[in-house]
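Report on the following structure.
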Amino acid sequence: MSNETGLDLDSLTPEIRELFQTDIKEYFYLMQLYNAAIKEVRTKLEILDEEFSVRYAHNPIHHMEYRLKNPRSILGKLKRKNLPIRVESMTEHLYDIAGVRVICNYIEDVYRVAQLLTSQDDITLVRCRDYIKTPKANGYRSLHLVVSIPIFLAERTAPVPVEVQIRTIAMDFWASLDHQLRYKSEELVPADLKERLRRCAETITALDNEMQAIYKELKEGLPKNE
């Protein structure tokens, strides 16, 4: 993931130009809104992590990544959903144009961060998909939230959706390698290797649970500061 928002106009294909119709400025305006929403969500998460560290001597967030969906990805998703190639389709039907990925240390941290974020007054939870409690068929695990956050502009306030993916370090490790393998050779991956990848996901889940248990036992056994 990256935070690049620039666009090389010379690189736009006719199809991508069609997405933006005749007004490319509209694209930049919308990307500015989505980028502002990412900044708002990141700031909220950073503040929550710092507060938790001070109060409980524990940082639930290991690190964060973020990105804006590029024009080709937007166009591809509109086509897969059989939606009109219009900017309006993008804003009305795509909720993952702005994305923040939160990598946590432990499984309990995943749900703690989600609860703290969605309980804030100006955050609206639009959608929650829990692929930790109910993993995908290939073994993928992560908590996916879509939240709406208000962006205050000069003349109005615009609610902007942001997809927030929250997962542990181990889940992120598996997902990153699985994505690389499938991106390079999706049609070439035989069934037995797909099954081995799924079993790897189960092994990583067992590791996550064991590390969580060890952490809790150590924490409970440490002497309290007088």
Side-chain angles (χ1 to χ4, degrees), residues 1-3 38 41-42 44-67 95-96 98-119 125 127-147 162-225:
M1 284 190 170
S2 70
N3 63 342
I38 287 175
V41 171
R42 287 178 59 208
K44 286 179 175 294
L45 290 167
E46 287 168 357
I47 291 172
L48 289 171
D49 188 56
E50 291 170 1
E51 180 192 7
F52 211 85
S53 176
V54 171
R55 294 184 63 182
Y56 304 107
H58 172 66
N59 290 91
I61 298 176
H62 183 270
H63 70 278
M64 288 188 286
E65 303 169 354
Y66 54 99
R67 64 101 179 92
Y95 297 104
D96 62 344
V100 176
R101 182 173 297 151
V102 185
I103 314 303
C104 295
N105 293 297
Y106 303 104
I107 294 176
E108 287 185 358
D109 290 335
V110 170
Y111 293 102
R112 183 179 292 114
V113 168
Q115 189 275 326
L116 291 172
L117 177 65
T118 57
S119 64
L125 178 62
R127 186 176 70 199
C128 175
R129 291 178 177 170
D130 192 340
Y131 297 116
I132 297 176
K133 293 180 180 177
T134 307
K136 290 186 178 182
N138 67 342
Y140 174 85
R141 288 165 169 81
S142 184
L143 181 65
H144 288 198
L145 309 177
V146 174
V147 300
V162 179
E163 183 185 59
V164 183
Q165 298 179 2
I166 314 175
R167 60 179 67 152
T168 65
I169 300 169
M171 293 174 195
D172 189 59
F173 162 75
W174 182 92
S176 297
L177 294 182
D178 180 73
H179 175 75
Q180 290 180 22
L181 292 171
R182 292 176 185 275
Y183 180 78
K184 292 180 179 179
S185 54
E186 172 64 30
E187 297 181 357
L188 301 177
V189 179
D192 64 319
L193 291 185
K194 290 181 180 179
E195 174 59 21
R196 286 169 63 185
L197 283 169
R198 189 192 63 79
R199 291 202 302 267
C200 282
E202 293 182 351
T203 301
I204 284 177
T205 299
L207 176 63
D208 254 338
N209 290 328
E210 180 65 7
M211 293 301 292
Q212 177 77 69
I214 291 171
Y215 169 73
K216 291 178 71 174
E217 289 182 27
L218 285 173
K219 185 177 180 181
E220 292 169 0
L222 292 175
K224 301 294 187 296
N225 293 328

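- In this structure, the side chain of Ser176 engages the main chain of Asp172 through a donor-acceptor pair within 3.5 Å.
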Q. Does the side chain to side chain contact (heavy atoms under 4.5 Å, CB included) test come out yes or no for Val100 and Gln165, once each step is laid out?
A. CA-CA 6 Å; Val100 176; Gln165 298 179 2; over 6 Å; no
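- With a 4.5 Å cut-off on side-chain heavy atoms, Phe173 and Ile169 do not count as touching.
- Taking NE2 from His62 and CG from Asn105, the interatomic distance works out to 6.0 Å, rounded to the nearest 0.5 Å.
- For the atom pair CG of Leu145 and CG of Asp130, the computed distance is 9.0 Å after rounding to the nearest 0.5 Å.
- Taking CD1 from Ile107 and CE from Met171, the interatomic distance works out to 4.5 Å, rounded to the nearest 0.5 Å.
- Interatomic distance, CG of Leu207 versus CD of Glu210, reported as 8.0 Å (0.5 Å rounding).
- Looking at heavy atoms from C-beta onward, Tyr95 lies out of side-chain contact with Glu163 at the 4.5 angstrom threshold.
- Leu48 contributes atom CG, which lies 7.0 Å from atom CG of Leu117 (distance to the nearest 0.5 angstrom).
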(Q) Using side chain to side chain contact (heavy atoms under 4.5 Å, CB included), reason through Asn138 and Leu197 one step at a time and then give a plain yes or no. (A) CA-CA 7 Å; Asn138 67 342; Leu197 283 169; over 6 Å; no
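- Side-chain contact between Ile132 and Tyr111: present, with at least one pair of heavy atoms (C-beta onward) separated by less than 4.5 Å.
- Within a 6.0 Å sphere centred on NZ of Lys216, heavy atoms belonging to other residues, nucleotides or ligands number 12 at most.
- Note on ring orientation: taking the six-membered ring where Trp is involved, the planes of His144 and Tyr140 are perpendicular (angle over 60°, cut-offs 30° and 60°).
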Q | Step-by-step side chain to side chain contact (heavy atoms under 4.5 Å, CB included) determination, Val54 to Glu51 | A | CA-CA 5 Å; Val54 171; Glu51 180 192 7; 5.9 Å; no
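- Residues Ala201 and Arg141 approach most closely at CB-NH1, 3.6 Å, considering heavy atoms.
- With a 4.5 Å cut-off on side-chain heavy atoms, Val110 and Ser142 do not count as touching.
- Checking side-chain atoms of Trp174 against main-chain N and O of Glu202 turns up no donor-acceptor pair under 3.5 Å.
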Q | Criterion side chain to side chain contact (heavy atoms under 4.5 Å, CB included) on Tyr106 and Gln212, from CA distance to verdict | A | CA-CA 6 Å; Tyr106 303 104; Gln212 177 77 69; 3.0 Å; yes
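- Taking 4.5 Å as the limit, some side-chain heavy atom of Arg112 sits within range of a side-chain heavy atom of Asp109.
- Contact of the Arg101 side chain with the Arg167 side chain is registered, since non-hydrogen atoms from C-beta on lie closer than 4.5 Å.
- The neighbour count for Met64 CE, taken as heavy atoms of other residues, nucleotides or ligands under 6.0 Å away, is above 12.
- Between Phe52 and His58, the angle of the ring planes goes over 60°, which puts this pair in the perpendicular group of the 30/60° scheme.
- The structure places SG of Cys128 at 8.5 Å from CD1 of Ile166, a figure rounded to the nearest 0.5 Å.
- The two residues Ile61 and Asp49 make their nearest non-hydrogen contact at N-OD1, 3.0 Å.
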